[in-house]
Amino acid sequence: MRYSALTLRYFETVPGAGALDGVGILRGAAGSRAQGTWVQFDLQVSSGTIQAARFLAFACPHTIAVAAWITEQAAGRHLQMPLPETVEELSQRFAVPIEKRGRLLIIEDAWRAAAQSGEHH
Amino acid sequence: MRYSALTLRYFETVPGAGALDGVGILRGAAGSRAQGTWVQFDLQVSSGTIQAARFLAFACPHTIAVAAWITEQAAGRHLQMPLPETVEELSQRFAVPIEKRGRLLIIEDAWRAAAQSGEHH
Amino acid sequence: MNSLKVASRPVYLDHAATTPVDPRVAAAMAQCLTAEGEFGNPGSTSHDYGDAAATLVEKARAQVAASVGAHSDEVIWTSGATEANNLAIFGAAEHYAKSGRHIVTSRTEHKAVLDPCRELQRRGWRVTYLAPDGDGLIDPAQVAAALQPDTVLVSIMHVNNEIGVVQDVAAIAAICARHGGAWLHVDAAQSAGKCAVDFAGFGVNLMSLSAHKAYGPKGVGALLVSRRDRGQHGDAAGGARSFAHTHIHLQALHFGGGQERGLRAGTVPTHQVVGMGLAFELADAGRKAEVARLGGLRERLWQGLQLLGGTFRNGAAAHSVPQLLNVSFEGVEGESLLAAVRGRLAVSTGSACTSALQEPSYVLRALGRGEVLSESSLRFGLGRTTCEQDIDTALAVVTEAVSRLRRISGA
Amino acid sequence: MNSLKVASRPVYLDHAATTPVDPRVAAAMAQCLTAEGEFGNPGSTSHDYGDAAATLVEKARAQVAASVGAHSDEVIWTSGATEANNLAIFGAAEHYAKSGRHIVTSRTEHKAVLDPCRELQRRGWRVTYLAPDGDGLIDPAQVAAALQPDTVLVSIMHVNNEIGVVQDVAAIAAICARHGGAWLHVDAAQSAGKCAVDFAGFGVNLMSLSAHKAYGPKGVGALLVSRRDRGQHGDAAGGARSFAHTHIHLQALHFGGGQERGLRAGTVPTHQVVGMGLAFELADAGRKAEVARLGGLRERLWQGLQLLGGTFRNGAAAHSVPQLLNVSFEGVEGESLLAAVRGRLAVSTGSACTSALQEPSYVLRALGRGEVLSESSLRFGLGRTTCEQDIDTALAVVTEAVSRLRRISGA
Ligand SMILES: Cc1ncc(COP(=O)(O)O)c(C=O)c1O
Ligand SMILES: Cc1ncc(COP(=O)(O)O)c(C=O)c1O
């Protein structure tokens with residue numbers, strides 16, 4: 001498996017890896033370790049705007065890189081906005097092979113789960 | 001195909017290759033060119049003793065070598081005597097592969113034909 | 001491409017996938033290529049160029065035979081162990097189809113055994129796939145229990161390519177001989193130089209060899225085809241088998257020039273078999289010292305990896321070649337683990353994977369490892385160039401990668 | 001062994017049996033063997049050693065493709081033209097067995113085509129063997145006449161290995177395309193560097209290549225498998241064929257690691273395919289100049305031999321590659337002729353002969369030469385190292401040998 005330079009950079013530097021602590025942190029996850037891909041996002045939100053984001057992932061390098069990039073883009077975005085790019089755009093940006101596109105849907109699900117977890121608060 | 005040193009020597013020097021001219025020459029042949037092996041012996045005989053012998057052959061190196069050797073051994077031998085060695089012995093002397101033994105029988109036939117051709121004179 | 005790549009190349013610990021050619025072997029091969037060397041066609045009997053090449057081919061055949069306890073006339077050159085396995089399995093199955101259409105093999109065989117067996121199933125054969133125990137071992141009694149009256153072939157590998165476990169092929173051979181109808185094929189692609197191979201002593205009928213796992217060239221191997229007669233056994237199952245007294249026969253896969261006694265058509269590549277011959281001779285000569293040396297290095301590696309915690313050694317340590325260590329790491333995803341070490345360490349997960357989606361190793365799953373751990377494993381293949389420094393580098397790289405990925409995964 | 005052998009080696013005029021590897025090719029191969037070179041397994045995608053090897057393999061694939069008018073993804077590596085022929089013939093026959101069991105080929109094909117066809121006859125296929133004319137040529141109309149509604153494969157060689165005659169495969173391809181059901185396989189083992197090869201332009205579906213006839217290594221070749229779609233033809237015989245719109249499919253011969261898109265399992269030998277790639281590139285680049293040069297040398301040889309009288313040139317001179325000259329000599333036995341020239345000249349009778357009993361060439365017999373003349377022939381295979389001096393030596397040696405043997409045979 002070869003990875004693009006961008007994918008490698010985000011896989012290696014993983015900005016935003018980790019979890020957030022404290023009250024009002026939104027957390028959402030999708031996928032499962034048993035199936036090989038699990039992603040969790042933590043969002044710190046203030047008046048509907050994301051202040052900080054973190055992720056954890058048990059996943060392949062493409063998935064980790066995309067999750068890291070999304071986390072990096074998060075600050076300042078409105079919680080109700082969709083992901084900064086579509087799954088299609090993300091696939092192109094990170095040269096994700098076609099067989100792996102399903103894993104980006106898991107990222108999308110995890111993000112949505114985090115964003116929507118606020119609705120129950 | 002590899003040949004023994006002896007086979008090569010007789011194939012290359014072919015002592016006795018040729019024909020004999022004159023009255024009283026006994027000639028006999030066997031085999032056919034069409035079948036790939038033809039051998040002819042000419043014998044010059046005096047009072048039942050071979051004085052000289054020659055051969056012609058359209059044949060493989062083993063057959064040519066054996067015919068040349070037999071021709072070389074001929075002088076002084078009695079016409080009624082068999083070949084100086086059996087087909088089995090000749091095969092061993094010249095390292096004739098088993099598949100080719102039949103060709104030595106053609107030599108034997110040619111020799112016998114030459115020797116017996118005298119009976120009709 | 002990979003920004004982790006440092007000036008020097010990564011440490012190579014994938015000798016089970018392939019080995020570099022020994023410089024002495026490469027030199028011998030070079031002597032059979034250009035106009036200055038023995039470039040003749042070994043099938044050209046009408047001139048000295050051909051004869052000289054044929055002489056080298058026969059010398060190589062004798063070298064291979066001597067190193068594995070076989071006779072020269074039992075060695076059939078092939079393009080590798082894959083072809084040897086295919087020739088053995090299809091060749092025996094098709095030749096003995098009238099005697100029976102049942103085959104016994106194991107779940108942890110190489111694909112070059114499993115895929116021919118699957119193809120035979122498609123053609124109407126029945127195949128029993130034996131399950132190894134949690135350590136990867138097949139009990140010979142399992143083979144005995146699986147034999148049926150119409151079993152014509154048993155195919156069990158010698159050294160497993162993913163976990164290094166060594167099967168007791170001599171015991172299995174004895175069972176097949178008692179059965180009387182089942183020939184034994186052994187895939188020994190991973191054996192040369194790693195453990196003793198004794199074709200006649202084991203009592204095996206067919207054995208596949210590969211050069212490039214033993215410091216020889218890729219693209220050449222051999223199938224050993226026993227010419228020993230099989231004696232009648234009083235307790236033969238299934239009544240008198242018509243072929244009980246003869247040695248094994250095969251149907252060819254390639255038809256053509258009559259090379260290799262009609263069993264394998266095609267110009268014999270002099271440089272390739274010369275390389276294999278010398279490689280096998282060298283591997284056999286150096287085997288004992290190398291086994292001791294690499295055994296020490298492998299234990300150093302395993303001791304170091306255990307400090308990480310959540311590490312599981314795959315395959316019976318007591319019954320494995322010292323060149324291989326296969327470890328599962330809890331809490332890390334397999335592909336990311338490979339990618340994280342990639343710049344400094346060349347290892348694999350076991351099976352060369354051609355698709356973008358990494359599949360969990362079927363070998364580890366057969367051991368009952370479970371999907372996650374099966375996928376999160378590394379195969380360390382030690383070899384002739386491996387030194388203590390390499391092991392320490394590997395330890396540092398893997399420790400860092402596993403720790404980092406566990407942090408990312410929250411494990 | 002041979003007392004005629006002089007200090008220097010005999011003049012090599014058996015380039016149709018095999019060629020020495022070009023020194024540039026040997027150097028490129030040497031770069032893919034030892035630890036200093038690209039020794040990785042091209043199937044190992046998990047590290048840079050594997051990737052680097054895979055990159056070389058794909059470069060070689062592109063080189064081969066470019067030199068024969070094919071696309072890279074149409075090149076399937078094999079262990080030589082023998083395996084390529086077997087894969088083509090068995091692969092197509094078995095895959096299309098449901099569409100028909102009839103094959104058309106010719107009597108002058110290489111054994112690596114004829115023997116698979118005979119094996120298919122044993123399995124129930126019908127095979128039509130076309131007879132060439134006295135010059136060795138197959139009239140495309142013969143193919144048209146032989147096609148039957150259930151013909152699934154036509155296999156006609158490009159350049160004959162014994163007489164050098166070039167068949168009009170483009171015309172035959174057009175006939176097969178019109179038929180709609182018959183795929184065309186062409187054995188082009190002898191073509192590279194000798195005449196233009198244009199896989200797409202000819203409209204051929206399958207084509208076998210071999211490296212060692214073109215200054216590459218023995219033990220590697222390729223089968224070109226067309227990915228062009230075959231259009232529907234209005235005049236297709238046998239009604240609508242279900243596969244008329246698709247490209248050709250094959251059943252594999254070797255099953256295993258999934259290499260070569262599942263068509264040919266087995267580790268790809270980097271050094272071998274790298275050698276073939278460069279050899280084909282070089283052969284193609286130098287073809288025109290070499291054809292002109294060797295054409296001149298061949299005519300010099302033929303002019304000289306004719307002075308002997310009782311010499312017959314085999315194969316259509318106007319339709320043959322300039323590298324080959326096949327001559328029958330009246331009044332000399334074939335094996336003795338070979339033996340007589342052997343110390344100073346390396347030539348052959350055409351087919352590498354493994355038995356002690358030389359059989360008359362089936363190719364020459366198919367031309368109607370008769371048994372004696374068929375057996376008393378020499379094949380002169382000129383090549384890159386051949387110079388005028390070699391031709392003159394050959395002339396002197398053959399003249400002396402033929403004269404001497406004619407004296408011994410009384411001719
Ligand atoms: C156990 C085993 N069998 C067969 C093979 C195939 O060998 P080759 O690469 O020579 O075709 C391998 C290696 O890939 C192997 O490890
Ligand atoms: C026409 C033809 N086909 C096939 C072959 C077989 O090729 P290889 O030696 O690569 O198996 C040869 C050469 O022997 C040949 O001349």
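Numbered from 1 within each chain, the chains take letters A, B, ... in sequence-line order.
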Participant: Atom OG1 of D:T267 and atom CD of D:Q259: how far apart are they, to the nearest 0.5 Å?
Facilitator: 5.5 Å
Participant: Let's test your reading of the structure: which of C:D51, C:L345, C:T385 forms the most heavy-atom pairs below 4.5 Å with chain D?
Facilitator: C:D51
Participant: Counting only heavy atoms closer than 4.5 Å, note whether C:V268 contacts chain D via side chain, backbone, both or neither.
Facilitator: backbone
Participant: By a 4.5 Å heavy-atom criterion (distance strictly below it), what part of C:N85 contacts chain D: side chain, backbone, both, or neither?
Facilitator: neither
Participant: Has the side chain of D:T19 got a donor or acceptor atom that lies under 3.5 Å from a matching backbone atom of D:H15?
Facilitator: no
Participant: What parts of residues 211-218 of chain D touch chain C if we use heavy atoms and a cut-off under 4.5 Å?
Facilitator: D:H212, D:P217, D:K218
Participant: Measure C:D115 against the heavy atoms of chain D and call it side chain, backbone, both or neither at under 4.5 Å.
Facilitator: both
Participant: Quick one: do the C:S79 and D:R264 side chains pair a donor with an acceptor below 3.5 Å?
Facilitator: yes
Participant: Specify which of D:G219, D:S46, D:A35 makes the most heavy-atom pairs with chain C at under 4.5 Å.
Facilitator: D:S46
Participant: Supply the atom-to-atom distance C:R342 CZ to C:S336 OG, rounded to the nearest 0.5 angstrom.
Facilitator: 13.0 Å
Participant: Mark yes or no for whether C:R379, through its side chain, and C:N161, through its backbone, hold a donor-acceptor pair below 3.5 Å.
Facilitator: yes
Participant: Quick check on the interface: out of D:E119, D:H110, D:R384, who has the most heavy-atom pairs with chain C under 4.5 Å?
Facilitator: D:E119
Participant: Heavy-atom distances under 4.5 Å only: say whether C:V347 touches chain D with side chain, backbone, both or neither.
Facilitator: backbone
Participant: Residues in salt bridge (charged side-chain N to carboxylate O under 4.0 Å, His left out) with C:E38, at least two apart?
Facilitator: D:R9
Participant: If we define contacts as heavy-atom pairs under 4.5 Å, which of C:E36, C:H254, C:M29 has the most with chain D?
Facilitator: C:H254
Participant: Does any heavy atom of chain D fall under 4.5 Å from the side chain of C:A265, the backbone, both, or neither of them?
Facilitator: both
Participant: With a 4.5 angstrom heavy-atom cut-off, is it the side chain or the backbone of C:A52 that approaches chain D, or both, or neither?
Facilitator: side chain
Participant: Between chain C and each of D:N86, D:T34, D:T270, D:T82, count heavy-atom pairs under 4.5 Å; write down the option with the most.
Facilitator: D:N86
Participant: With no hydrogens and no angle check, is any side-chain donor or acceptor of C:E260 less than 3.5 Å from a backbone partner on C:W77?
Facilitator: yes
Participant: Tell me which of these, D:G40, D:A26, D:A30, has more heavy-atom pairs under 4.5 Å with chain C than the rest.
Facilitator: D:G40
Participant: Which residues pass the ring-ring contact (aromatic ring centres under 6.0 Å, His included) test with C:H271, not counting sequence neighbours?
Facilitator: none
Participant: Hey, what do you get for CG (C:L87) to CG (C:L223), rounding to the nearest 0.5 Å?
Facilitator: 5.0 Å
Participant: Let's test your reading of the structure: which of C:R118, C:E83, C:Q272 forms the most heavy-atom pairs below 4.5 Å with chain D?
Facilitator: C:Q272
Participant: Is C:S361 close to C:E162 at the side-chain level, that is, under 4.5 Å between some pair of heavy atoms?
Facilitator: yes
Participant: With sequence neighbours excluded, tell me which residues meet side-chain contact (heavy atoms from CB on, under 4.5 Å) with D:T105.
Facilitator: D:E109, D:V113, D:C117, D:V127, D:Y129, D:S155
Participant: Looking only at non-hydrogen atoms, find the nearest pair between D:A112 and D:P116 and report the distance.
Facilitator: O-CG, 3.1 Å
